[in-house]
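Below: the structure, in structure tokens.
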Amino acid sequence: MIMGFADPFDTLLDLQRSLESTLASDWLQDLTTTRGPFPPINVFQQGDDILAIIELPGVSRSDLQIQAKENSIRIFGKKAVGYPDETSLHRRERVSGDFDRTLSLPVQIDPDGIKAEYRDGILALFLPLAESDKPRSIKIT
């Protein structure tokens, strides 16, 4: 029996269909968007608030900005990595430059109630839920 190979065009067409069906699904809708040497973010719920922990080593407080709107948080700024003059650079893994990171949340937040703490290169954002997204107790009569 002679074994044949699959037609490469059929394989590519199957791959394209698979990618299109994945992109058409809604599991990609709540991803973050980013530009530049983006900082990693962990987001979780703590009590009634959402807590976002962002790693920003080497970023000065004065080079960091935060904006909030409805269900998104934007963190942007500049990370500088300096080298003395007359330095011979042999390996460069630490990225530097402008970054811009937007985090979409599955709930509405109260932008006026946000608290931000920045210490040792770690930014903690306490994001309170908007009143419309807080659970309500219903009295049974």
With a cut-off of 3.5 Å and sequence neighbours excluded, list every side-chain donor-acceptor pair involving residues 56-68.
unit_1 : atom_1 : unit_2 : atom_2 : d
Ser60  : OG     : Ser62  : N      : 3.3
Ser60  : OG     : Ser62  : OG     : 3.0
Arg61  : NH2    : Tyr118 : O      : 2.9
Gln67  : OE1    : Arg74  : NH1    : 3.2

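- His90 has its side chain within reach of Ser88: a pair of non-hydrogen atoms, C-beta onward, lies under 4.5 Å apart.
- When hydrophobic side chains of Ile, Leu, Val, Met, Phe, Trp and Tyr are connected at separations under 4.5 Å, Phe44 ends up clustered with Leu51, Ile53, Ile122, Phe126.
- Going from atom NZ of Lys78 over to atom CG of Asp100 covers 14.0 Å, rounded to the nearest 0.5 Å.
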**Prompt:** After noting the C-alpha distance and the side-chain angles of Glu117 and Lys115, does the key distance pass the salt bridge (Lys or Arg N to Asp or Glu O under 4.0 Å) rule?
**Reply:** CA-CA 7 Å; Glu117 296 178 8; Lys115 294 178 192 158; over 6 Å; no

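- Partners of Asp49 under the side-chain contact (heavy atoms from CB on, under 4.5 Å) rule, at least two apart in sequence or in another chain, are Pro128.
- Every side-chain contact (heavy atoms from CB on, under 4.5 Å) that Glu131 has, sequence neighbours left out, goes to Lys134, Arg136.
- A single hydrophobic cluster is seen to contain both Leu123 and Ile114, as judged by linkage of ILVMFWY side chains at heavy-atom distances under 4.5 Å, directly or through other members.
- Across all their heavy atoms, Arg101 and Pro40 have their closest contact at NH1-CA, 4.0 Å.
- Listed by chain and number, the residues in a side-chain contact (heavy atoms from CB on, under 4.5 Å) with Glu70 are Gln108 (sequence neighbours excluded).
- Val43 is linked by a side-chain contact (heavy atoms from CB on, under 4.5 Å) to Ile41, Ile50, Ala52, Leu103, Leu105, counting only residues two or more places apart in sequence or in another chain.
- Considering only heavy atoms from C-beta on, Leu125 comes within 4.5 Å of Ile73 through its side chain.
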